[in-house]
Amino acid sequence: MKIAIFSDTFPPQINGVANVVYKSAVELVKLGHEVLVFTISNGSDDKMNDPELFKADGFELNRITSVPIPVYPGFRFALPINNAIVKLRKFKPDIIHTHTPFSVGWSLIGPAKLFHIPVVGTHHTFYDQYLKHAHLDYDWVKKLSWSYTLDYYNRCDIVLSPSRSLAEELQKHGLKKPFEIFSNSVDTNLFQPVLDNESKKKLKKSWNIDGKSLAYMGRVSYEKSIDIVIMAFNEVIKKNPVTKLMIIGDGPERDNLEKLVSKLNIQDNVIFTGFLQKEELVNALLATDIFLTASKTENMPVAVMEGMAAGLPIVAVDALGTPEIVKDGVNGFLTQPDDYMEMAEKTLQLLKDEETSRKFAKASIEFSSNFSQENMGKALEKIYLKLLSN
């Protein structure tokens, strides 16, 4: 098949959707398909805009000229006049897969209808949960946001959602097209657990960790509620002073979080790793013992899935799609949103109870193994073939 993928976010941007889109493109190429990815440009960074950047992965990349979005640092808006329709007509895809209902996403709707190309749309995120960060957290704006979202996805032929909770919200707000639950994938070849204590000790030593350690991994941004993780950690080290917290990743909230850490006077116990990739990222994660996330805006968080694949028990919040992958008392604990004291309590319980921690870790590995990139790539291929056969 010839497959055209459209997304307003793509590496080197750092977020879950960009990661999912990239991995799906790679897996589809491995399955023998020809893939062309349309995404935004990265401003004046010529190196990142180089069309040869991902050539080794086997797919072609077409970046559309874009401008920054002031209300959300790091994201950009594609200009309406671009070369997408010319490239699409030349490529002649059998199917289009869109991952975002924004500027790049809308650029395919007209050509798809014109050229009679079936469209698969994945809806990744509860966008209404992000409005407060743009100072637009009003009921009428939320209604407008859902109306806009459904207007887009009702133009697709089938809609995929990584979680049932998001799919139900889509239906509740007026989704008329057929949908399927299609989970995000995790690179189980890269994210694997440490099998022996000696290797674990060496990994900890490389980060100057003497005892137990906790991890947050992902985009360091305000919607992730990492301040709650830090507040919970502040309570943890009152009873376990040698424990360390690794914040693995980078983003616009890092300065504010570093100030919070200094204010709490716990800077000797907190490690900000910055942006890490591949083996370096995995080794940092494997130096820890428990994965923490306080985010209330998740659908099916890729970073949490990667923590599970690495064999970590999870402490997360009971909100939106997270409970569909973190089962309370099975592979982790769920806490109430914004309750840092409860998060601290559950973390301390796992630090103390090695047997429960090992049980949760085993369950995490077993659950995440079902969502390997290879498995999800084949599942996506089946969806495409089914749609084309109709």
Side-chain angles (χ1 to χ4, degrees), residues 1-42 45-64 66 78 82-100 104-105 107-108 111-112 115 117-122 124 160 162 182-192 275-282 302 305-306 309 371-388:
M1 280 183 285
K2 285 188 172 184
I3 303 160
I5 298 175
F6 285 73
S7 175
D8 287 80
T9 181
F10 197 77
Q13 286 182 318
I14 307 165
N15 61 70
V17 177
N19 192 17
V20 167
V21 178
Y22 168 74
K23 289 191 294 184
S24 68
V26 170
E27 287 305 313
L28 290 167
V29 168
K30 288 180 181 178
L31 289 168
H33 304 295
E34 192 175 344
V35 178
L36 172 59
V37 177
F38 291 85
T39 190
I40 60 163
S41 66
N42 278 287
D45 192 336
D46 292 333
K47 182 180 178 182
M48 291 307 181
N49 291 325
D50 186 352
E52 303 291 310
L53 189 61
F54 296 96
K55 194 169 183 180
D57 293 307
F59 59 84
E60 183 182 349
L61 184 66
N62 183 71
R63 290 197 180 272
I64 299 171
S66 65
N82 56 66
N83 67 344
I85 190 169
V86 176
K87 294 281 288 189
L88 198 65
R89 185 172 185 175
K90 183 179 179 181
F91 183 59
K92 296 180 180 178
D94 299 297
I95 203 156
I96 292 174
H97 192 154
T98 173
H99 289 266
T100 48
V104 170
S107 68
L108 70 88
F115 302 139
I117 307 168
V119 177
V120 177
T122 296
H124 289 275
L160 309 183
F182 186 82
S183 302
N184 293 330
S185 67
V186 60
D187 188 347
T188 52
N189 295 316
L190 181 62
F191 291 89
Q192 295 185 350
F275 176 60
L276 303 177
Q277 296 186 74
K278 297 185 179 180
E279 286 78 11
E280 191 180 16
L281 171 67
V282 176
V302 174
M305 292 285 288
E306 290 170 343
F371 305 102
S372 69
Q373 288 183 203
E374 294 81 5
N375 287 346
M376 300 315 295
K378 291 174 183 176
L380 186 57
E381 181 185 52
K382 287 181 180 179
I383 290 172
Y384 292 164
L385 291 171
K386 181 180 178 182
L387 182 58
L388 289 172

Item checked: Residue pairs passing the side chain to side chain donor-acceptor pair (under 3.5 Å) test where at least one lies in residues 29-40, sequence neighbours excluded -> E27-K30, H33-E381
Notebook entry, point to check: Between CG of L36 and CD1 of I3, what distance do you get to the nearest 0.5 Å?
Noted result: 11.0 Å
Checklist line | Heavy-atom closest contact (Q13 atom, A18 atom, distance) | finding: O-CB, 3.8 Å
Next item on the list: Can you measure from OG1 (T98) to CZ (F38) and round to the nearest 0.5 angstrom?
Entry: 12.0 Å
Checklist line | Heavy-atom side-chain proximity of R89 to P111 below 4.5 angstrom | finding: no
Next item on the list: I would like to know whether N184 and M305 meet side-chain contact (heavy atoms from CB on, under 4.5 Å); could you show each step before the answer?
Entry: CA-CA 9 Å; N184 293 330; M305 292 285 288; 5.7 Å; no
Next item on the list: Kindly write out the residues that satisfy side chain to side chain donor-acceptor pair (under 3.5 Å) with D187, not counting sequence neighbours, or none if the list is empty.
Entry: none
Note to self: For P93, give me all partners under side-chain contact (heavy atoms from CB on, under 4.5 Å), at least two apart in sequence or on another chain.
What the structure shows: A4, L88, F91, I96, I117
Note to self: Can you pull out every salt bridge (Lys or Arg N to Asp or Glu O under 4.0 Å) where at least one residue sits in residues 14-24? Sequence neighbours excluded, please.
What the structure shows: none
Check: Side chains of T188 and F371: closer than 4.5 Å at any heavy-atom pair?
Finding: no
Margin query: To the nearest 0.5 Å, what is the distance between CG on L108 and CZ on F115?
Written below: 12.0 Å
Checklist line | Nearest non-hydrogen partners of N15 and V17, listed with the distance | finding: OD1-N, 3.1 Å
Next item on the list: Check salt bridge (Lys or Arg N to Asp or Glu O under 4.0 Å) between K87 and all other residues, then give those that pass, not counting sequence neighbours.
Entry: E60
Item checked: Steps toward side-chain hydrogen bond (donor to acceptor under 3.5 Å, both in side chains) verdict (Q373, N189) -> CA-CA 9 Å; Q373 288 183 203; N189 295 316; over 6 Å; no
Check: Does S185 reach the main-chain N or O of M376 with its side chain, forming a donor-acceptor pair under 3.5 Å?
Finding: no
Item checked: Contact summary for H99 and V21, nearest pair of heavy atoms -> CG-CG2, 3.5 Å
Check: Atom OG1 in T122, atom CZ in F6: separation rounded to 0.5 Å?
Finding: 14.0 Å
Next item on the list: Apply side-chain contact (heavy atoms from CB on, under 4.5 Å) to V37 and list each qualifying residue two or more places apart in sequence or on a separate chain.
Entry: I5, F10, A25, V35, F59, L61
Item checked: Rounded distance (nearest 0.5 Å) linking atom CD1 of I95 with atom CG of L385 -> 8.0 Å
Next item on the list: Could I get the full list of side-chain contact (heavy atoms from CB on, under 4.5 Å) partners for L380, not counting sequence neighbours?
Entry: S24, L28, H97, L160, F182, Y384
Next item on the list: Determine the minimum heavy-atom distance between P118 and L388, stating which atoms define it.
Entry: CG-CD2, 3.7 Å
Item checked: Residues which pass side chain to side chain donor-acceptor pair (under 3.5 Å) with K386, listed by chain and number, not counting sequence neighbours -> none
Next item on the list: Could I get the full list of side chain to side chain donor-acceptor pair (under 3.5 Å) partners for D57, not counting sequence neighbours?
Entry: Y22
Margin query: So which atom in I64 and which in S107 form the shortest heavy-atom distance, rounded to 0.1 Å?
Written below: CD1-OG, 4.3 Å
